[in-house]
There are 2 protein chains.
Amino acid sequence: MNLSIAEENYIKSIYKLEEEGQEAVSTNALASELDTKPASVTDMAKKLKEKKLIEYEKYQGINLTADGKKAALSIIRRHRLWECFLVDKLAFSWEEVHELAEELEHVRSEKMTNRLSEFLGNPQIDPHGDPIPDAQGKMGKPRAHTPLHKTKAKRLEVVAVSDKSTALLEFLNAKGIRLGTQLDVIERYEFDNSIELKIRNQPAFTISEQVSKNIMVKPI
Amino acid sequence: MNLSIAEENYIKSIYKLEEEGQEAVSTNALASELDTKPASVTDMAKKLKEKKLIEYEKYQGINLTADGKKAALSIIRRHRLWECFLVDKLAFSWEEVHELAEELEHVRSEKMTNRLSEFLGNPQIDPHGDPIPDAQGKMGKPRAHTPLHKTKAKRLEVVAVSDKSTALLEFLNAKGIRLGTQLDVIERYEFDNSIELKIRNQPAFTISEQVSKNIMVKPI
DNA sequence: CCTTTTATTTAGATTTACCTAAACTTTATT
DNA sequence: AATAAAGTTTAGGTAAATCTAAATAAAAGG
């Protein structure tokens with residue numbers, strides 16, 4: 001199956017929205033994810049259905065077929081491996097790599113992808129904590145799922161960040177939060193769902209619900 | 001200046017044909033280099049002229065402007081650095097990397113390009129022996145220029161290969177010819193311009209003019 | 001120098017991936 | 001259940017990069 005860059009981007013976004021729990025991905029949701037218009041999504045949906053990569057009926061939303069899922073995992077694999085490359089080998093920081101990987105991911109060569117993986121030591125997670133599918137399209141573990149704002153635990157470790165925008169990642173950098181950082185929850189404020197945190201001996205600080213939603217943690 | 005992939009490919013090809021000695025690059029030559037039709041070239045020529053990357057008058061052929069040359073060198077730099085990466089780090093052989101680099105070269109990020117260069121140890125030549133322009137767009141030396149079929153010398157060293165097609169490179173692989181290989185010319189046959197060669201102690205073999213044209217050498 | 005050949009350009013279509021505006025479904029609300 | 005609101009699709013259009021076929025210009029040959 002030979003996909004255009006646009007088609008790959010649609011597949012990737014559909015996969016993402018399905019992962020986030022949407023039973024069937026709506027035209028609107030996909031349009032806003034891809035920063036395009038609903039009418040364009042309808043057009044593309046017809047094309048991807050033709051190619052048997054999605055299930056789609058008028059007004060009923062979109063789901064990936066098995067083939068579509070396979071394609072998505074292949075794109076995600078390439079994306080995350082390039083992110084590792086940029087961080088591990090070219091010394092980029094985690095907030096810089098998403099956009100570049102968006103471009104590099106579209107160079108389709110299984111041989112290159114597999115050699116890149118090997119060169120990087122077959123990494124299991126990317127710089128944002130997301131698991132990297134293997135050459136067969138198997139995703140290690142299904143990504144760390146507990147966002148900080150839904151945990152009760154007091155001592156936590158950051159395992160992933162779900163929003164890859166430069167803005168959020170730079171904010172986290174500034175606060176000293178990165179992958180593996182240990183957090184102590186000092187206080188949860190009901191009225192705005194903000195959370196007061198502390199890292200080791202550093203002074204405490206507060207983060208909004210917006211932020212805590214995007215920090216995936218596990219108790220320690 | 002933001003160029004599309006198509007525009008970048010035109011710029012690169014114009015640069016190549018100018019290098020090969022064409023005073024003004026003809027519509028036909030460019031069309032066949034890019035494997036497209038003359039009519040398409042005319043269309044694109046108008047656009048690139050608009051962007052001040054080429055000089056172009058109807059029926060008069062095409063030349064790069066200073067800006068066009070700068071753009072070309074930037075693309076070539078990216079192309080050749082990725083070729084080095086693929087060969088040095090991912091263990092590809094020289095006949096496999098051209099196509100992949102054609103795609104990777106279109107990811108435009110000066111920061112990434114410069115870091116890639118540094119990561120590779122700021123290489124001066126790519127796996128085919130072509131010089132790599134530096135970050136300022138300066139090309140080390142102007143590529144080794146003597147094709148094997150034009151030399152009189154008997155003892156030679158291979159310094160570059162001008163045709164990057166898989167076919168030629170695989171043929172050279174099979175014969176044991178690679179960058180730095182030392183050749184002894186046994187005989188030159190006038191009637192078809194073929195050349196009989198020997199490498200060290202191996203048995204002699206003959207190559208056609210087609211091939212010898214594309215092997216750049218220096219006497220030793 | 002005139003004619004033929006070759007090279008180049010124009011005109012008009014096509015494809016992909018978009019868009020806007022209008023029409024139509026579905027869902028939510030009273 | 002009727003109607004309003006929200007979501008989705010259709011219809012028709014645009015821009016980029018192609019193409020074919022026809023027209024035109026330049027070069028080559030007698």
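Letters A, B, ... mirror the listed sequences (proteins, then strands); counts begin at 1. Every heavy atom of this structure was used, including side-chain atoms; hydrogens, water molecules and symmetry mates were not. All values derive from a computational prediction rather than experimental measurement.
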Pairwise 5' ranking along DNA chain C for A/Glu7 and B/Ala29, keeping only the more 5' one: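 Going by which nucleotide is closer to the 5' end, it is B/Ala29.
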
Toward the 5' end of DNA chain C, by each residue's nearest nucleotide, A/Thr36 or A/Tyr59: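 Mapping each residue to its closest nucleotide by heavy atoms, the 5'-most match is A/Thr36.
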
Under the side-chain hydrogen bond (donor to acceptor under 3.5 Å, both in side chains) test, residues paired with A/Ser93 that sit two or more places apart: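 Partners of A/Ser93 under the side-chain hydrogen bond (donor to acceptor under 3.5 Å, both in side chains) test: A/Glu95, A/Glu96.
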
B/Ser74: partners by side-chain hydrogen bond (donor to acceptor under 3.5 Å, both in side chains), with sequence neighbours left out: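 B/Ser74: side-chain hydrogen bond (donor to acceptor under 3.5 Å, both in side chains) contacts with B/Arg78.
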
For the side chain of [X], counting heavy atoms from C-beta on, which of [options] is nearest?
{"X": "A/Tyr56", "options": "D/dT9, D/dC19, C/dA7", "answer": "D/dT9"}
{"X": "B/Gln60", "options": "D/dA26, C/dT8, D/dT18", "answer": "D/dA26"}
{"X": "B/Ala6", "options": "C/dT8, D/dT8, D/dT18", "answer": "D/dT18"}

Contacts of type side chain to side chain contact (heavy atoms under 4.5 Å, CB included), residue B/Asp88, not counting sequence neighbours: B/Cys84

Contact under 4.0 Å: A/Lys37 side-chain N or O vs C/dC18 OP1/OP2: no

side-chain N/O B/Asn28 vs C/dT6 OP1/OP2, d < 4.0 Å: no

To the nearest Å, give me how far apart [atom1] ([X]) and [atom2] ([N]) are.
{"X": "B/Asn2", "N": "D/dA16", "atom1": "CG", "atom2": "C1'", "answer": "15 Å"}
{"X": "A/Asp35", "N": "C/dC18", "atom1": "CG", "atom2": "P", "answer": "11 Å"}
{"X": "A/Asn9", "N": "C/dC18", "atom1": "CG", "atom2": "P", "answer": "8 Å"}
{"X": "A/Gln22", "N": "D/dG7", "atom1": "CD", "atom2": "P", "answer": "12 Å"}
{"X": "A/Glu50", "N": "C/dT16", "atom1": "CD", "atom2": "C1'", "answer": "15 Å"}
{"X": "A/Glu8", "N": "C/dT16", "atom1": "CD", "atom2": "C1'", "answer": "15 Å"}
{"X": "A/Leu34", "N": "C/dT16", "atom1": "CG", "atom2": "C1'", "answer": "16 Å"}
{"X": "A/Ile62", "N": "D/dT8", "atom1": "CD1", "atom2": "C1'", "answer": "11 Å"}

Within residues 38-46 of chain B: residues closer than 4.0 Å to DNA chain D (heavy atoms): B/Ala39, B/Ser40, B/Asp43

Donor-acceptor side-chain pairing of A/Asn28 and A/Ser26 below 3.5 angstrom: no

A/Thr65 and A/Asp67: side chain donor to acceptor below 3.5 Å: no

For A/Arg188, all residues meeting salt bridge (charged side-chain N to carboxylate O under 4.0 Å, His left out), sequence neighbours excluded: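 Per chain and number, A/Arg188 pairs via salt bridge (charged side-chain N to carboxylate O under 4.0 Å, His left out) with no residue.
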
With sequence neighbours excluded, residues passing salt bridge (charged side-chain N to carboxylate O under 4.0 Å, His left out) with B/Glu83: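 Partners of B/Glu83 by the salt bridge (charged side-chain N to carboxylate O under 4.0 Å, His left out) criterion come out as none, since no residue qualifies.
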
